[in-house]
Amino acid sequence: SVGGNESSLRNCTDCPPGYECRGASSLPKPCAPGDFAPNIGTIECLACPGGKYQFMKNGTSCQDCKPGHYCPEGAPSPLPCPPGYYSNATNLARPSQCTIAAPGFFAPTGSERQTACSIGTVTQTQGKGSCDACISGQTYQDITGQTACKNCSVCTANSTYQAAPCNIVMDTVCPTCTNMKCSTHQYRAGVCAGTLNGFTCNACTSEQYCPGDDNFYPYPSPPPPSPP
């Protein structure tokens with residue numbers, strides 16, 4: 001009867017927010033993570049829209065996605081941007097909306113921003129999740145955010161010597177050899193090559209002739225002409 005239906009309706013309870021009530025006599029069912037019900041009397045929970053998520057049951061609203069992440073429709077939790085991509089936005093719905101890291105930079109999984117490669121490392125291409133190290137003893141890089149390593153220098157024998165070897169963050173140190181020029185009555189001894197800076201000027205003996213060209217010549221052989 002009409003009166004009976006009105007009585008039954010008066011005995012019904014509104015479905016509370018955060019729950020769905022699909023049948024007239026069913027008990028409220030909490031919304032699953034990723035869904036929400038903002039109002040009373042919801043028949044079916046709604047999926048969180050793209051760019052938002054809900055990690056709890058019986059949610060009444062959805063939260064903004066986190067930086068470094070994206071949230072597809074109905075997401076129960078944010079998903080990280082893949083390696084080589086980043087974002088500081090809070091409304092991404094797809095991984096393709098993350099920004100690709102530039103050459104010379106890298107971005108690990110879930111990055112909010114790209115980071116410049118440190119000295120000794122580089123990235124030659126975009127979209128890298130980590131930087132590649134230079135080859136110690138062969139290449140180096142002493143500037144951050146670079147796309148290529150530099151070749152190590154080689155010291156020039158008899159002109160420079162190796163005071164410090166090349167490593168991934170520093171080039172070979174090649175100071176100028178000392179005692180390069182000896183005076184008359186002296187000759188040059190030692191070696192300046194590789195790691196040796198061994199040039200010294202030694203005095204000629206009575207059996208030697210030293211005209212000032214860094215060499216000595218034995219007597220009694222006729223000495224070479226004096227340098228101009």
Side-chain angles (χ1 to χ4, degrees), residues 1-134 141 144-147 168:
S1 66
V2 174
N5 289 337
E6 291 178 351
S7 176
S8 296
L9 290 174
R10 284 195 299 269
N11 292 329
C12 291
T13 302
D14 289 325
C15 199
Y19 292 79
E20 65 180 17
C21 299
R22 300 197 179 199
S25 61
S26 64
L27 294 174
K29 179 183 178 182
C31 294
D35 294 343
F36 73 110
N39 304 312
I40 62 174
T42 299
I43 296 176
E44 184 176 356
C45 295
L46 305 172
C48 288
K52 294 181 179 293
Y53 74 101
Q54 175 53 261
F55 68 93
M56 296 177 61
K57 293 182 178 181
N58 58 277
T60 59
S61 64
C62 299
Q63 304 176 46
D64 289 337
C65 205
K66 294 182 178 180
H69 295 71
Y70 66 96
C71 296
E73 181 180 0
S77 61
L79 299 174
C81 289
Y85 293 80
Y86 67 98
S87 177
N88 60 5
T90 57
N91 61 347
L92 303 190
R94 299 182 300 278
S96 60
Q97 293 176 311
C98 299
T99 303
I100 192 168
F105 293 77
F106 72 103
T109 302
S111 293
E112 295 183 28
R113 61 186 62 86
Q114 63 179 357
T115 303
C117 291
S118 61
I119 58 174
T121 66
V122 298
T123 54
Q124 297 181 352
T125 59
Q126 62 181 359
K128 300 286 286 186
S130 60
C131 299
D132 300 316
C134 299
Q141 183 51 259
T144 61
Q146 299 303 299
T147 60
I168 64 172

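For the numbers below, each heavy atom of this structure counts, side chains included, while hydrogens, waters and symmetry mates do not.
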I119 CD1 to C131 SG distance, which is reported to the nearest 0.5 Å:
12.5 Å
For residues 58-66, tabulate all N or O donor-acceptor pairs below 3.5 Å that involve a side-chain atom, not counting sequence neighbours.
residue: Q63; atom: OE1; partner: Y53; partner atom: OH; Å: 3.4
residue: D64; atom: OD1; partner: K52; partner atom: NZ; Å: 2.5

Hey, can you pull the donor-acceptor pairs under 3.5 Å for the side chains in residues 95-116, sequence neighbours left out?
residue: Q97; atom: OE1; partner: A93; partner atom: N; Å: 2.6
residue: Q97; atom: OE1; partner: R94; partner atom: N; Å: 3.0
residue: S111; atom: OG; partner: P108; partner atom: O; Å: 2.6
residue: Q114; atom: OE1; partner: A102; partner atom: N; Å: 2.8

Does C21 reach the side chain of K29, with side-chain heavy atoms less than 4.5 Å apart?
no
Distance (rounded to the nearest 0.5 Å) between Q54 CD and C45 SG
10.5 Å
All heavy atoms of A47 vs all of D35, minimum pair found to be CA-OD1, 3.4 Å
Starting at SG of C48, measure out to CD of E73 and round the result to the nearest 0.5 Å.
9.0 Å
Quick check: do P30 and Y19 have side-chain heavy atoms less than 4.5 Å from each other?
yes
Kindly compute the distance separating CD1 (I40) from SG (C15), expressed to the nearest 0.5 Å.
9.5 Å
Can you measure from CG (D132) to OG1 (T125) and round to the nearest 0.5 angstrom?
8.0 Å
Got a second to check how far T123's OG1 is from Q146's CD, nearest 0.5 Å?
9.5 Å
Quick one: are H69 and P80 in side-chain contact, heavy atoms under 4.5 Å?
yes
For residues 76-91, which residue pairs qualify under side-chain hydrogen bond (donor to acceptor under 3.5 Å, both in side chains), counting only residues two or more places apart or in two chains?
none
